[in-house]
Number of protein chains: 2
Amino acid sequence: MTLRMTRAEAVAAIGELFREHGYHGTSYGQITAATGLGKGSLYNHFPNGKEDMTRAVLDHVHAWFEDNVFEPLDASPNPSEAIDHMFAAVRSYFRSGRRLCLLGAFSLYDVRTSFDEEIAAYFTRWVKALAACLRRGGVSLKESRDLAMAVMVDIQGGLVMAHALDDSGVFKSSLARSAQTLHIRLDACATV
Amino acid sequence: MTLRMTRAEAVAAIGELFREHGYHGTSYGQITAATGLGKGSLYNHFPNGKEDMTRAVLDHVHAWFEDNVFEPLDASPNPSEAIDHMFAAVRSYFRSGRRLCLLGAFSLYDVRTSFDEEIAAYFTRWVKALAACLRRGGVSLKESRDLAMAVMVDIQGGLVMAHALDDSGVFKSSLARSAQTLHIRLDACATV
DNA sequence: GTCTATAGATCGATAGAC
DNA sequence: GTCTATCGATCTATAGAC
């Protein structure tokens, strides 16, 4: 038979625990409470325990961004609209800064060594998709890369500062500033 | 008698452990190995264990920034030079992005509830000192605040992305971009 | 697929000798 | 001020019944 919870639901619930308490700060007791699954079930679905759960969570997050951010950036014929769509999705996903970026947080310490390839792949994918979109809008190759990386820095920094100061306005301002910078640059290229 | 290690040395060593493994990821065994102090000594100097150590580490970091960043920003008669001094100190402290910001990392999860006032106080102090410096350079009150916060976002985001991509160039570029933005703004005000 | 029970390891914290 | 020994709690992981 199937799970009591969908696997995706369980993975999402575990992801929220990791977001809130970190990898080492999350125990099987908490995972059982959040998912309704005992240790037997958890080890049945994730034979290597928290390591497998982490990989599933990271894949889950990556897949969401693939569908809602990266792929739209690749597919949209209109760079300016694609940018707007990206910022709207990002703002929604991170709940205006109240939710943190699991991959960014995990990259800091915690479980670095085991998952840093996947974390780097996620960010690299994002940067490349955004840079390619800007490139299609007429921005030079080098500037597209620099701008895309600057946007990533703004998003991650906005999340950190919004949490540190408990002020979601910081995150929203960061997104708005990034969006404005990109639009100004795209408009300048469009009128040439 | 005194400690085998200076208290400041022990605190610094514990801070490096927290940076690398996080709060929950650092055990007393690791702390003993790093400081040469057994549990008896550790609890003698930090009666409440890791909580007291964390407070000492955060105070130690805050004090370093007070002396090397905040106070120079307050005291310097030349805003442009003060800005350069700040970025040089920041770049040196974070070792071009290879070292992470303990307060930024702790603000994400880990030990949020216990220390968020101190973390917020640290960042607020920094933002205010930087904004006041820009204000003295002729930048408007609102823009000074916005620019100062944008710089903080750039620094924190630069650290996250540099770690995630294992590329210190990302951090150095972020600092350079922030510095350039501030100088351009200060120069514009100086010529008016 | 799910549960309970439990082993085995590690951790945080304390007590007491030096 | 420092150490060792140790307790009790918690955690990861496994075994076995349903």
Side-chain angles (χ1 to χ4, degrees), chain A residues 1-60 102 105-106 109-115, chain B residues 1-60 102 105-106 109-115:
Chain A
M1 278 296 288
T2 178
L3 274 153
R4 223 162 254 224
M5 266 179 140
T6 315
R7 183 182 167 94
E9 286 173 335
V11 168
I14 295 167
E16 291 308 313
L17 287 177
F18 285 165
R19 271 177 217 280
E20 198 162 350
H21 306 108
Y23 182 88
H24 291 110
T26 302
S27 70
Y28 285 87
Q30 290 172 293
I31 297 172
T32 293
T35 61
L37 295 167
K39 287 184 187 177
S41 299
L42 290 173
Y43 276 100
N44 181 40
H45 294 285
F46 307 98
N48 285 39
K50 288 208 284 182
E51 185 180 331
D52 284 356
M53 295 181 200
T54 302
R55 190 149 277 119
V57 167
L58 295 183
D59 287 349
H60 184 257
L102 195 57
F106 273 16
Y109 40 61
D110 237 355
V111 283
R112 233 191 356 241
T113 54
S114 316
F115 303 103
Chain B
M1 277 297 286
T2 180
L3 274 152
R4 220 160 255 224
M5 270 182 136
T6 315
R7 183 183 167 93
E9 287 174 335
V11 168
I14 295 168
E16 291 308 313
L17 286 176
F18 285 164
R19 270 178 220 280
E20 197 163 348
H21 306 109
Y23 182 87
H24 291 110
T26 303
S27 69
Y28 285 87
Q30 290 172 293
I31 297 172
T32 293
T35 61
L37 296 168
K39 288 186 185 176
S41 298
L42 291 172
Y43 276 100
N44 181 38
H45 294 286
F46 307 98
N48 286 40
K50 287 207 285 182
E51 185 180 329
D52 283 358
M53 294 180 200
T54 303
R55 190 149 276 120
V57 167
L58 295 184
D59 287 350
H60 183 257
L102 194 57
F106 273 16
Y109 41 60
D110 237 359
V111 284
R112 232 188 359 240
T113 55
S114 315
F115 303 103

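The chains referred to below are lettered A, B, ... by the order of the sequence lines, with proteins before strands, and numbering in each begins at 1.
- In this structure, Asn44(A) places its CG atom 15 Å from P of dT4(C), rounding to the nearest Å.
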Exercise. Is there a side-chain contact (heavy atoms from CB on, under 4.5 Å) between Tyr23(A) and His24(B) once you walk through the steps?
Worked result: CA-CA 9 Å; Tyr23(A) 182 88; His24(B) 291 110; over 6 Å; no

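- For Arg7(B) and dT2(D), the CZ to P distance is 12 Å, given to the nearest whole Å.
- When all heavy atoms of Ala13(A) and Ala34(A) are compared, the pair lying nearest together is CB-O, 4.2 Å.
- In this structure, CZ of Phe46(B) is placed 16 Å from P of dT14(C), rounded to the nearest angstrom.
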Problem set entry | Intermediate values then yes/no, ring pair (Phe, Tyr, Trp, His ring centres under 6.0 Å), Tyr43(A) and Tyr28(A) | CA-CA 10 Å; Tyr43(A) 276 100; Tyr28(A) 285 87; 5.2 Å; yes

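- Out of dG1(C), dT2(D), dA13(D), the shortest distance to the side chain of His45(B) is found at dT2(D).
- Side-chain N/O atoms of Ser27(B) include none lying less than 4.0 angstrom from OP1 or OP2 on dT10(C).
- Met53(B) places its CE atom 11 Å from the C1' atom of dA13(C), with the value rounded to the nearest Å.
- Comparing Gly40(B) and Pro47(A) along DNA chain D, the residue whose closest nucleotide (by nearest heavy atom) sits nearer the 5' end is Gly40(B).
- Out of dA13(D), dT14(C), dT2(C), the shortest distance to the side chain of Ser41(A) is found at dT2(C).
- Between Leu42(A) atom CG and dC11(D) atom P there is a gap of 14 Å when expressed in whole angstrom units.
- For Ile14(B) and dG12(C), the CD1 to P distance is 12 Å, given to the nearest whole Å.
- In this structure, the nucleotide among dT12(D), dG12(C), dT2(C) sitting nearest to the side chain of Tyr43(B) is dG12(C).
- In terms of polar N and O atoms assigned as donor or acceptor, the side chain of Lys50(B) never comes within less than 3.5 Å of the base of dG12(C) in a complementary pairing.
- One atom, OH of Tyr28(A), and another, C1' of dA5(C), lie 18 Å apart when rounded to the nearest Å.
- Across all strands, Thr26(A) comes closer than 4.0 Å only to sugar-phosphate atoms, never to a base (heavy-atom distances).
- For the pair Met53(A)/Ile31(A), a side-chain contact is recorded, criterion being any heavy-atom separation below 4.5 Å from C-beta on.
- Distance Glu51(A) CD to dT12(D) P: 14 Å, rounded to the nearest Å.
- Taking the side chain as every heavy atom from C-beta outward, Phe46(A) and Arg55(A) never approach each other to under 4.5 Å.
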